[in-house]
Amino acid sequence: MRCLLFLASLGLVAAENGLDGWLRYASLPCSHQCQSKLPASIMLLNVTETSPVYAAGSEIQDGLKRIYGAHAQISQIQCKTSSSTVVVGTVEQYRKTCGSSSEIPELEEDGFWLSTEGPKIRILGSTESGALYGAFEYLSMLAQGNLSEVSYATNPSAPIRWVNQWDNMDGTIERGYGGPSIFFNNGAIVDDLTRVKQYARLLASIRINAVVVNNVNANATLLTPENLKGLGRIADVFRPYGIKVGISLNFASPETLGGLDTFDPLDPSVISWWSNITEQVYQHVPDMAGYLVKADSEGQPGPQTYNRTLSDGANLFARAVHPYGGIVMFRAFVYNQLNESNWTEDRANAAVNFFKDLDGEFDDNVVVQIKYGPIDFQVREPASPLFANLLNTSTAMELEVTQEYLGQQSHLVYLPPLWKTVLDFDLRVDGKPSLVRDVYTGKRFKRKLGGSAAVVNVGTNTTWLGSHLSMSNLYAYGRLAWNPTDDSQTMLQDWIRLTFGLDRTVLNTITKMSMESWPAYEGYSGNLGIQTLTDILYTHYGPNPASQDNNGWGQWTRADHIGIGMDRTVSNGTGFSGQYPDEVAAMYESIDTTPDDLLLWFHHVNYTHRLHSGKTVIQHFYDAHYTGAATAQTFFTQWESLKGKIDDERYNHVLRLLDYQSGHSIIWRDAINNFYYNLSGIPDTANRVNHHSWRIEAENMKLDGYKTYTVSPFETASGSMAIVTTSNETVGTATTKINFASGTYDLAVNYYDAYGGQSQWQVYLNDNLVGEWVGNGEDVYSHTTSIYLDGHSAIRIKFRGVEVKNGDTLKIVGKPDGIEPAPLDYVSFLPEGIVD
Ligand code: GCU
């Protein structure tokens, strides 16, 4: 113990791989007074080993030992004990055993009461899950060094607090960046469910009560007898943690799996097929949470094939699960391909168009699951107006923890501030306060069901999501599902203390970086509500603004050489603004009252249009991209200041990602600025765009074994050109004389790291090796890779503090590998403080 205290006080920290997430129970010093506050025993009101109360007891025992080195025995309940103890169970169990207790407040379903006053600490839930949540709350306090006396009750905002995993049966995960599935492999359920148990602990600690294990683009083979057995095993692992399992269904299963010649939801053979399958599902998983259904969306089959309504489709499943108490989460993400030449067509209109008239037609156990914005998890969207149009239907908010459009975990983006723009938005239904969070939690329209679901997509990577810092998003999601009014920074700081310890510098630094991260990302990606501007036709990762338009996907920007933005007004556009209740509709209908940050979502304006801020649209784009990328540079240096305060393993992992982000933010900045400069022809008043005083383009160097290459999209290469080796076997050399003043520079080399080869590069100054590296980004970063030279594969490496003399010769040698021709874009010699 003393040895541990000594290490802790020195700030030395053991290597960690992230597997424990925020449940590390890292060792903390404990004074005599602190020791006196720790319970000597743990009394469980249910000692069945598979019960959440038992799981709570084990967690407390383990946590006390790991945090404070304290040994608490699990013992029989003694109501009148005077020795220090912690009692865990349900209120009912407590009353039965110890008689009535008037101090315990009324609790709602899954709520708990935590009282650490006096020698007897009581953690009592209205349900066993509630008791487990209370135990994790107590442990969260202990792990943050908080031994204060508290007594309070807390209740969930809503009964649905789910996560969705988009795991495929072959073990891949759609939009997953943390490795392969923890559930599936090769068409079956994996044998070893150890990671599932660890996931269950993490989810229970943030009060998640159900997990949908398979992709919404569902494969019917999950319903085979063998796989249902496996599903039963998964459910057995989650159950002690109070978490139920749900599954995504493929609407056409009666035909594709069942061999029927129809999947018409009103056909009696289809109805009985589903009721039969549902019976089998419940045989294996008697407490199955319910079904998640993506129908008539993005090529998925649905009721519309048979001219049936979406509610016909949803109710088919609702009736099948009803006898077992299950629910159906029916996704509102339904839209068709559209024609951009029609000024009034708009994908954003789709959800309300499809669902509004069905309000009241859904069975009581159906919940319509609605993405936060009308398009698709973009960097900023207005709140989905569907929340204001379903007054007689239960709804759930769908968020995305996995950063599909937002940097795919290779960029730090703390998401709650983005989510809050929607959760806290007042829709003013019937002219009355109607915060989105009050709608989906059921308060505003008095619905019993409701809540939230987040697409999480953890994988087998020990970091779970691909990056340690991204776990703050999962943690905060759970907190918001419980209480959507929780403050973004407060949640973040709890997570930081639990994940990285109590050092104040660590706390302040990660707080600052994280709170700056979404604004920075919005700054260097898509501004003013134009959407993220990532490549929507390929990886959803790097910049490609042109991919938004001239296709049927309807994520249009309508950018031409004069103006940009979607006219979504009723008076002259798609009519989308009219889907909101009157007050909100009026605000968005007029340019004068539309907030700048959503201007281009609602209006088509000239690049020279002046914002409320006084800037023109185009200058705002330029400035925001420079500011955003400049902020991203500081994440690396901020993190560097934490060296020695965080274990090396996690420190280095994060450092590498932030270094990468600093480079990729510049690729974003330049791509978007060049694209709109090229389109509008309007120069940057600060003269930065397209002027790079510190760069030397690779295509301007002397080339041997290298040739020039025109990159597409053009804006993802500096000067639109790069160089590649003349063949896949030829080693290329690019040389140039340096004309900068002698001094110390950071040398940045921009190159492309494509999938399909691991090229090698070496950079020399006067034949002295400055650095060398391998194009192995596909093994190192979490984002989706690209086989092309583009905004996804574009990457920068930096060599810091390089001594350079005017007249020196720079030489880069590139050795191709596989299909990757050792591509190079440019080098920058950066004096201190310059970002170029
Ligand atoms: C996005 C995502 C898809 C996903 C879809 C959905 O479009 O890119 O991978 O299937 O959303 O939410 O259903």
Side-chain angles (χ1 to χ4, degrees), residues 162-170 172-178 181 212-219 222 246-252 291-302 304 310 313-314 328-338 347-348 350-351 354-355 367-379 381 384 386 395-409 415 419 422 452-459 465-466 477 525-526 531-542 544 547-548 551-556 782-786 792:
W162 290 26
V163 297
N164 296 173
Q165 287 277 139
W166 286 355
D167 296 30
N168 297 314
M169 299 303 299
D170 65 2
T172 59
I173 304 181
E174 182 154 343
R175 316 298 175 192
Y177 312 104
S181 173
V212 175
V213 292
N214 64 318
N215 193 354
V216 284
N217 298 316
N219 185 335
L222 179 58
I247 57 176
S248 299
L249 296 181
N250 184 304
F251 207 89
Y291 291 145
L292 172 62
V293 182
K294 172 178 179 178
D296 287 315
S297 159
E298 300 187 328
Q300 291 301 317
Q304 291 173 356
L310 294 166
V328 172
M329 303 291 281
F330 197 81
R331 294 180 87 226
F333 188 62
V334 180
Y335 65 96
N336 294 324
Q337 292 276 315
L338 299 170
R347 171 169 156 188
F354 278 116
F355 282 85
V367 178
V368 175
Q369 181 170 318
I370 307 169
K371 290 189 182 184
Y372 60 81
I375 297 283
D376 196 9
F377 302 133
Q378 299 299 292
V379 71
E381 297 192 48
S384 169
L386 190 54
T395 58
M397 166 61 70
E398 182 174 313
L399 302 173
E400 206 182 35
V401 163
T402 191
Q403 295 167 226
E404 174 185 354
Y405 290 93
L406 305 174
Q408 302 186 351
Q409 279 87 298
L415 296 167
W419 296 338
V422 173
S452 14
V455 183
V456 176
N457 295 352
V458 298
L465 286 168
Y477 163 66
S525 59
Q531 303 171 77
T532 310
L533 300 181
T534 184
D535 189 330
I536 64 155
L537 301 177
Y538 189 29
T539 64
H540 294 191
Y541 180 63
N544 187 358
S547 71
Q548 312 281 131
N551 56 54
W553 290 103
Q555 292 193 220
W556 306 321
S782 46
H783 60 265
T784 315
T785 48
S786 161
H792 322 297

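Along the sequence shown, residues carry numbers from 1. All figures in this text were calculated on a predicted structure; none of them were measured in a lab. Worth knowing before you read on, the calculation uses all heavy atoms, side chains too, and leaves out hydrogens, waters and symmetry mates. Atoms within each ligand, like the ligands themselves, are counted from 1 in listed order.
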**Request:** Evaluate the ring planes of H783 and Y541, with Trp represented by its six-membered ring, and classify them as parallel (under 30°), tilted (30 to 60°) or perpendicular (over 60°).
**Result:**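 Parallel: the ring planes of H783 and Y541 meet at under 30°.
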**Request:** Ignoring hydrogens and angles, tell me if any N or O in the side chain of E404 forms a donor-acceptor pair with the backbone of H540 under 3.5 Å.
**Result:**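 Looks like no, no N/O pair under 3.5 Å.
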**Request:** May I ask you to decide if I536's main-chain N or O and S547's side chain share a donor-acceptor pair within less than 3.5 Å?
**Result:**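 Here the side-chain-to-backbone pair exists.
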**Message:** Pairing donors with acceptors under 3.5 angstrom, does anything connect the side chains of T172 and N168?
**Reply:**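 The criterion, which ignores hydrogens and geometry beyond distance, is satisfied for N168 and T172.
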**Prompt:** After noting the C-alpha distance and the side-chain angles of Y477 and L399, does the key distance pass the side chain to side chain contact (heavy atoms under 4.5 Å, CB included) rule?
**Reply:** CA-CA 8 Å; Y477 163 66; L399 302 173; 3.9 Å; yes
**Per-ligand residue contacts, ligand 1, heavy-atom threshold under 4.0 Å** =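 Contacts of ligand 1 under 4.0 Å: W166, E174, R175, V216, N217, K294, E298, R331, F333, K371, D376, E404, H540.
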**E174: partners by salt bridge (charged side-chain N to carboxylate O under 4.0 Å, His left out), with sequence neighbours left out** =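 Listed in chain order: nothing, the list is empty.
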